[in-house]
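Written out below as structure tokens is the structure these notes cover.
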Amino acid sequence: MLTFKQKVFAIVAKIPKGKTMTYGDVAKRAGNQYAGRAVGAVLHTNFDPQIPCHRVIGKDGSLRGYNRGLANKKRILINEGVIM
DNA sequence: CATTTGACGCCAA
DNA sequence: TTTGGCGCCAAAT
């Protein structure tokens with residue numbers, strides 16, 4: 001049985017390049033439709049550069065946080081073709 | 001074990 | 001359109 005955060009990591013790691021998911025979406029996939037906050041908390045605690053958490057953004061497309069710097073995250077998203 | 005905190009999301013004013 | 005408030009969850013202390 002994977003813990004919530006393990007699921008979150010797995011899901012985030014599965015996000016295809018050039019694509020983005022909202023925290024709520026990930027939460028829903030992780031098993032809880034209302035665990036958007038928890039998703040953010042999990043990603044915040046995880047400092048693994050191998051986890052493309054930069055592809056996880058707010059529901060309305062707003063960047064929230066990033067363990068490597070928001071500016072970097074923004075840059076990466078643009079670089080991957082995720083333009084709003 | 002109980003309390004606090006935060007990278008959310010939706011609704012009402 | 002912007003601001004404020006409420007509900008929800010898991011991790012950290």
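Below, read A as the first sequence line, B as the second, and so on, with proteins coming before strands; counting in each chain starts at 1. Just so you know, these numbers come straight off a predicted model, no measurement behind them.
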Result block: side-chain N/O donor-acceptor pairs under 3.5 angstrom for residues 7-14 of chain A, not counting sequence neighbours:
| from | atom 1 | to | atom 2 | distance (Å) |
| --- | --- | --- | --- | --- |
| A:Lys7 | NZ | A:Ala30 | O | 3.3 |

- Message: I want to confirm an ordering. Mapping A:Phe4 and A:Arg37 to their closest nucleotides on DNA chain C, which one lands closer to the 5' end?
- Response: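 Counting from the 5' end, the first nearest nucleotide belongs to A:Arg37.
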
Check your understanding: By side chain to side chain contact (heavy atoms under 4.5 Å, CB included), which residues pair with A:Lys73, not counting sequence neighbours?
Key ->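 For A:Lys73 the side chain to side chain contact (heavy atoms under 4.5 Å, CB included) partners, ignoring immediate neighbours, are A:Tyr23, A:His54, A:Ile57, A:Leu63, A:Tyr66, A:Leu70, A:Leu77.
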
Sorted by chain and number, sequence neighbours left out, salt bridge (charged side-chain N to carboxylate O under 4.0 Å, His left out) with A:Arg55 holds for A:Glu80

- Query: Where along residues 71-79 of chain A does a heavy atom fall under 4.0 Å from DNA chain C?
  - Reply: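 None, since no heavy atom is under 4.0 Å.
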
Per the under-4.0 Å heavy-atom filter, residues of residues 38-65 of chain A near DNA chain C come out as A:Ala38, A:Val42, A:Thr45

Note: chain A reaches DNA chain C at heavy-atom distances under 4.0 Å over the stretch, first to last nt, 5' to 3', of C:dG7 to C:dA12

Parsed dot-bracket for DNA chain C after applying the Watson-Crick and G-U rules with both distances under 3.5 Å and | for other-strand partners is .||||||.|||||

5'-most to 3'-most nt of DNA chain B touching chain A (<4.0 Å, heavy-atom partner on protein side) reads B:dG6 to B:dC10

Side chain to side chain donor-acceptor pair (under 3.5 Å) filter on A:Asp60, not counting sequence neighbours, yields A:Ser62

Under a side-chain separation threshold of 4.5 Å, the hydrophobic residues clustered together with A:Phe47 are none

query = Do you know which two heavy atoms are closest between A:Val56 and A:Thr22, and how far apart they sit?
reply =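 What the structure gives for the nearest pair is CG1-C, 4.1 Å.
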
Scanning both residues in full, the closest heavy-atom pair of A:Ala35 with A:Ala27 reads C-CB, 3.4 Å

To the nearest 0.5 Å, atom CZ of A:Arg75 lies from atom CZ of A:Arg68 at 9.5 Å

The complete set of salt bridge (Lys or Arg N to Asp or Glu O under 4.0 Å) pairs with one or both residues in residues 32-53 of chain A, sequence neighbours excluded, reads none

query: Does anything in residues 5-32 of chain A reach DNA chain B, meaning a heavy atom under 4.0 Å, and if so which residues?
result: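 Hits under 4.0 Å, by residue number: A:Thr22, A:Tyr23, A:Gly24.
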
Checklist entry - Got a donor-acceptor contact below 3.5 angstrom from the A:Asn67 side chain to the A:Asn46 backbone? => result yes

